[in-house]
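Here the structure comes first, spelled out in structure tokens, and everything after it is commentary.
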Amino acid sequence: MFKIKDIELKNKVVVAPMAGVTNHAYRSIMKEFGAGLIYTEMVSDKALVHGNEKTFKMLYIDEDEKPVAIQLFGSEVDTMVKAAKIIEEHANCDILDINMGCPVKKVTKTGAGSKLMTTPELTEDIVRSIVEAVDIPVTVKIRSGWDHHSINAVEIAKRCERAGASAIAVHGRPKSQLYRGKADWSIIKDVKDAVSIPVIGNGDITSPEKAKQMLEETGCDAIMIGRATQGNPWIIKQTVEYLESNDYDKDISSDRKIKMMIDHMDRLIDLKGEKLAMLEMRTHGPWYIKGMKNATYMKREMAQIKDRESFIEMVNKYKNESIT
């Protein structure tokens, strides 16, 4: 267990914010597998301020998901503060997180995401202004820096702490590296050594063993898993078990993966309707079947399916021919 301000988290395993992924359906699965804290997809400050209906729907959080952190992105103090107040009023969240790590061009070209790390004074101003405007804990997610020539995670972390942030998550790659190559965990350790608020380590946690290794090497208070949860919610349960008992269930059969994939599809249908859910399963489905026998064929079939009935028929056919 660890705390972010007055929010108690039952374990040190955190699910990262992922655009187009960590919606309510995904979060409900992560919670059932034991995640201590889950982040939403990032939401735009300007979209909230302008009353965008789609963005407002992203604020929905079920009581069963909690604790949840809503992640906000933007680059202007005024709109970030207004959006933060909207989130506090309309969302059932426990924590408000400021995105300073997204490397995607359509975000950074507006000065938001990881681009904020190139303007430390603005970064501090945004954090301080939001902390003063809302009562819920405010946290920040950063990268190691903009590129390998401007690694400034420690400076940004100190500024965020000084501005009143309650915790900071650090991805051990600069923006220029995107998700390629190896994350530099030493940056996470440097941040942990420099601040007194909780530090969450992120980057290259692909197994329970890696999670424990990061905790031991960096001294961070918790670990954040992102892409490794895609099609593999078991990594959350396995990591929680491993950190508590040094052992975990390694036997995840193809049948269990397929059942979970169908469950995920049904949750998406409940959330977004069949049409949108089936489109999203073209992304989620291949993650679940990755590495399975004849997965390439099944992935190709998924790309054509437009309704639940056809999806189930395809899955049953695959099970009969490839698993049994």
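On a predicted model such as this, the values are computed, not experimentally measured, just so you know.
When only modelled atom types and interatomic distance are considered, Ser253 and Asp255 share no side-chain donor-acceptor pair under 3.5 Å. Using modelled atom types, one finds no donor on one side chain facing an acceptor on the other under 3.5 Å when comparing Asn232 with Lys290. Checking Asn92 against Glu63 by side-chain atom types alone, a donor-acceptor pair falls below 3.5 Å. Residues Arg27 and Thr40 bring no donor and acceptor atom of their side chains to less than 3.5 Å of each other. No side-chain N or O of Glu313 forms a donor-acceptor pair with one of Tyr318 less than 3.5 Å apart.
A salt bridge links Arg159 with Glu155; the closest basic N to acidic carboxylate O contact falls under 4.0 Å. Salt bridge status for Lys141 with Asp97: absent, with no side-chain N to carboxylate O gap under 4.0 Å. Classification of Glu217 and Lys189 as a salt-bridged pair fails, no side-chain N sitting under 4.0 Å from a carboxylate O. Comment: Lys306 does not engage Glu274 in a salt bridge, judged by the lack of any side-chain N to carboxylate O separation of less than 4.0 angstrom. Under a 4.0 Å N-O distance rule, the pair Arg256/Asp249 qualifies as a salt bridge.
Residues Ser196 and Glu161 have side chains in contact (heavy-atom distance under 4.5 Å, counting atoms from C-beta outward). Counting only heavy atoms from C-beta outward, the side chains of Asp135 and Glu88 approach each other to under 4.5 Å. In this structure, Lys158 and Val154 have side chains that are in contact, with non-hydrogen atoms separated by less than 4.5 Å. Residues Val240 and Lys10 form no side-chain contact, since every pair of their non-hydrogen atoms from C-beta on lies 4.5 Å or further apart. Between Glu76 and Lys46 the shortest side-chain heavy-atom distance falls below 4.5 Å. Arg128 has its side chain within reach of Glu132: a pair of non-hydrogen atoms, C-beta onward, lies under 4.5 Å apart. Counting heavy atoms from C-beta on, the side chains of Leu215 and Leu243 come closer than 4.5 Å. Between Thr123 and Cys160, some side-chain heavy-atom pair lies under the 4.5 Å cut-off.
Note that Lys212 lies in the cation-pi zone of Tyr242, set by a 6.0 Å cut-off to the ring centre and a 45° limit from the axis. Geometrically, Lys250 engages Tyr248 in a cation-pi contact defined by less than 6.0 Å to the ring centre and at most 45° from the axis. Judged by the 6.0 Å and 45° rule, Arg143 forms a cation-pi pair with Tyr179.
Atom CZ of Arg308 sits about 4.5 Å away from atom CE of Met265, to the nearest 0.5 Å. Rounding to the nearest 0.5 Å gives a distance of 12.0 Å between OG of Ser44 and NZ of Lys54.
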Please report the C-alpha distance between Leu268 and Asn23 in whole Å, then the side-chain angles of each, then the deciding distance to 0.1 Å, and finally whether the side-chain contact (heavy atoms from CB on, under 4.5 Å) criterion is met. CA-CA 9 Å; Leu268 281 172; Asn23 54 38; 3.7 Å; yes
Begin with the C-alpha distance, continue with both residues' side-chain angles, and end with the deciding distance and a verdict on side-chain contact (heavy atoms from CB on, under 4.5 Å) for Val15 and Ile236. CA-CA 8 Å; Val15 178; Ile236 299 298; 3.8 Å; yes
For the pair Phe2 and Ile4, evaluate side-chain contact (heavy atoms from CB on, under 4.5 Å) and give the outcome as yes or no after the intermediate values. CA-CA 7 Å; Phe2 83 109; Ile4 294 179; 3.9 Å; yes
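The environment of Lys85 atom NZ is sparse: at most 12 non-hydrogen atoms of other residues, nucleotides or ligands sit within 6.0 angstrom. Heavy atoms from other residues, nucleotides or ligands lying under 6.0 Å from NZ of Lys272 number more than 12. Other residues, nucleotides and ligands contribute at most 12 non-hydrogen atoms within 6.0 Å of the NZ atom of Lys237. Counted within 6.0 Å of NZ on Lys106, heavy atoms from surrounding residues, nucleotides or ligands total 12 or fewer; the atom is thus considered open. The local environment of NZ in Lys12 is sparse, with at most 12 non-hydrogen atoms from other residues, nucleotides or ligands closer than 6.0 Å.
Between the side chain of Glu65 and the main chain of Asp62, a donor-acceptor pair closer than 3.5 Å is present. Panel note: side chain Ser129, backbone Ile126; no donor-acceptor pair is recorded below 3.5 Å. Trp185 places a side-chain N or O within donor-acceptor distance of the main-chain N or O of Gly203, the cut-off being under 3.5 Å.
Note on ring orientation: taking the six-membered ring where Trp is involved, the planes of Tyr26 and His284 are tilted (angle from 30° to 60°).
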